[in-house]
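Computed over heavy atoms, backbone and side chain alike; hydrogens, waters and symmetry mates excluded. This structure is a prediction, so every number in the text was calculated from the model and none was measured. So you know, we letter chains A, B, ... as the sequences are listed, proteins then strands, and number each from 1.
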2 protein chains.
Amino acid sequence: MPETQFTAAQLAVPPRTSSIRSPRPVVRSRIVGENHTLLYEGGRNRSLYRVVDGCVVLSQLLDDGRRQITDVLGPGRLFGFTVDGRNIATAETLSVARIEPLGDADLNADDPAIARELKATLHRMQAHATLLGRKTASEKVASALVELARLFNRAARNGAPARLSFHLHLTRADLADWLGLTVETVSRCLNRFKREGLIDFSHPKTMRVLDPERLDATAGFSRQRANDAARP
Amino acid sequence: MPETQFTAAQLAVPPRTSSIRSPRPVVRSRIVGENHTLLYEGGRNRSLYRVVDGCVVLSQLLDDGRRQITDVLGPGRLFGFTVDGRNIATAETLSVARIEPLGDADLNADDPAIARELKATLHRMQAHATLLGRKTASEKVASALVELARLFNRAARNGAPARLSFHLHLTRADLADWLGLTVETVSRCLNRFKREGLIDFSHPKTMRVLDPERLDATAGFSRQRANDAARP
DNA sequence: AACCTCTGTTGACAGCTGTCAACATCTTGC
DNA sequence: GCAAGATGTTGACAGCTGTCAACAGAGGTT
């Protein structure tokens with residue numbers, strides 16, 4: 001069994017971050033190992049699932065094997081949405097993960113919380129489309145780091161000052177498939193960021209952000225979008 | 001006023017293609033001119049809208065002006081979804097369009113038909129992410145043509161054999177912003193397809209598919225995805 | 001009709017990113 | 001502990017696509 005990134009004690013106390021409740025008072029969540037495929041694109045399933053803890057990615061394949069990771073899910077996110085009863089995407093764990101089934105997908109279809117989740121997902125997907133279509137390699141990798149840091153930074157739940165250190169659940173290949181790049185380009189960007197003092201990592205998956213502001217700037221994020229006047 | 005693509009008679013009989021009903025028995029739809037911005041990303045609105053006829057695109061902007069068209073909407077599609085009360089995307093008409101408000105967005109949030117529309121939209125967004133991240137320029141342009149042909153080919157509603165001729169509502173720049181390319185690359189691909197006998201166009205926006213199968217192949221579509229058995 | 005602007009096309013060229021290859025490092029299994 | 005495979009890094013090189021520029025054509029205005 002590969003390394004896990006949380007302890008037995010953490011697994012024993014699944015956090016509740018979402019307002020979505022299943023009809024049954026007690027829901028049996030299950031622990032799934034790393035690199036386990038939960039759902040296949042085009043397959044059938046009649047339940048939604050929530051990621052309670054861990055990391056799950058959604059992906060699609062082209063005929064010749066090219067892969068696109070369409071979403072990276074952390075704690076609280078839902079997956080298993082279907083169109084015409086068919087799974088939209090393949091779902092795989094990138095870590096040991098706690099998964100909670102939410103019951104019949106169609107029964108839950110009119111749950112306002114589900115609609116809210118769908119709209120939030122849509123929002124993320126659109127932002128990612130902008131990344132894929134209009135950002136450079138450096139901006140893509142920087143954006144990914146910012147987003148993953150936000151996703152998996154909750155290690156410091158106990159009120160401790162959240163150090164900008166987090167576990168990169170994705171391999172370089174996963175990052176490449178998420179960002180529309182190649183492993184080589186991802187590796188080059190990460191190591192350039194490291195040389196420039198933006199981030200640091202000794203182990204390839206143990207990331208630490210050293211200069212959050214410069215990383216944000218590299219990501220092409222507009223911290224000012226709210227404050228700034230629109231340009232001429 | 002620029003050219004319109006439907007007649008007064010067609011406008012007088014708005015087709016009902018969706019099962020989504022508004023609470024009021026009579027809904028007042030409105031006609032909007034070409035190149036009209038209906039909603040701004042980040043702005044507030046408290047209604048969903050349906051495209052009854054015409055073409056609407058959703059887009060996002062980066063700070064330096066780079067634009068990504070995240071979705072192209074034809075008849076029947078909904079837009080105006082919000083997260084935290086804020087519009088997810090900017091919505092613009094690319095043609096004279098008939099738009100129908102669907103009432104309070106939050107009131108409709110638990111409508112099963114809305115959830116279905118959201119899931120269908122999610123599906124399209126994921127497919128487009130795969131296009132943006134993993135397809136070549138030729139595959140992107142071919143995919144766009146196939147999709148737009150399907151979207152705007154309903155000209156032949158009267159049972160006539162649907163000729164594979166359709167109106168491209170998007171400019172070359174719009175196509176580029178949708179596909180993550182430049183106008184020059186889009187233009188080169190379209191004219192190459194023309195030289196190769198895949199498509200034809202005299203007017204830049206009057207497209208005609210001459211060889212649907214070869215176009216599908218160029219788009220990298222898997223015609224088997226539906227027939228295929230789900231994998232283990 | 002003439003003019004102007006926007007859109008589209010085409011060519012030359014460059015550069016970002018992909019491809020190929022070799023090697024290093026980490027992980028896993030024996 | 002060692003071997004073998006998977007993952008990550010780095011360099012050389014190439015090519016797809018972007019950039020820049022000039023021009024053509026269409027649409028709209030006076």
Note: contacts of residues 175-182 of chain A with DNA chain C (heavy atom, under 4.0 Å) are A/Gly180, A/Leu181, A/Thr182
DNA chain C nearest-nucleotide lookup for B/Ala173 and B/Arg134: closer to the 5′ end is B/Ala173
Separation of A/Arg172 atom CZ from D/dT10 atom P, in whole Å?
10 Å
Test item: A/Leu145 and A/Leu198 side chains (from C-beta on) under 4.5 Å apart, heavy atoms:
no
Taking NZ, NE, NH1 and NH2 as the nitrogens, is one of them in B/Arg66 or A/Glu139 under 4.0 Å from a carboxylate oxygen of the other?
yes
Taking side chain as C-beta onward, heavy atoms only, is B/Cys55 less than 4.5 Å from B/Val72?
yes
Between atom CD in A/Glu139 and atom C1' in C/dT17, what is the gap in whole Å?
14 Å
Could you check how far CG of B/Asp174 sits from P of C/dC6, rounded to whole Å?
15 Å
Can B/Arg86 and B/Glu41 be counted as an ion pair, charged N to O under 4.0 angstrom?
no
Rounded off to whole Å, could you give me the CG-to-C1' distance for the A/Leu168 and D/dT7 pair?
13 Å
According to the interplanar angle, ranging from 0 to 90°, do the rings of B/Phe152 and B/His169 count as parallel (below 30°), tilted (30 to 60°) or perpendicular (above 60°)?
perpendicular
What residues in residues 184-192 of chain A put a non-hydrogen atom under 4.0 Å from any atom of DNA chain D?
A/Glu184, A/Ser187, A/Arg188, A/Asn191
Counting only side-chain N and O atoms of A/His203, is one of them less than 4.0 Å from OP1 or OP2 of D/dT7?
no
How many whole angstroms separate atom NZ of B/Lys194 from atom C1' of C/dT10?
13 Å
Electrostatic pair A/Glu184:A/Arg172 at N-O distance under 4.0 angstrom
no
Give a yes or no answer on whether the side chain of A/Ser165 reaches the backbone of A/Arg208 with a donor-acceptor pair at less than 3.5 Å.
no
Nearest whole angstrom, please: distance from the C1' of C/dG18 to the CZ of A/Arg66.
13 Å
A/Thr185 versus A/Arg188, side-chain donor and acceptor atoms under 3.5 Å
no
A side-chain contact here means heavy atoms from C-beta on lying under 4.5 Å apart; do A/Ile69 and A/His128 qualify?
no
Length of the line joining B/Lys205:NZ and C/dT7:P, which is rounded to integer Å
8 Å
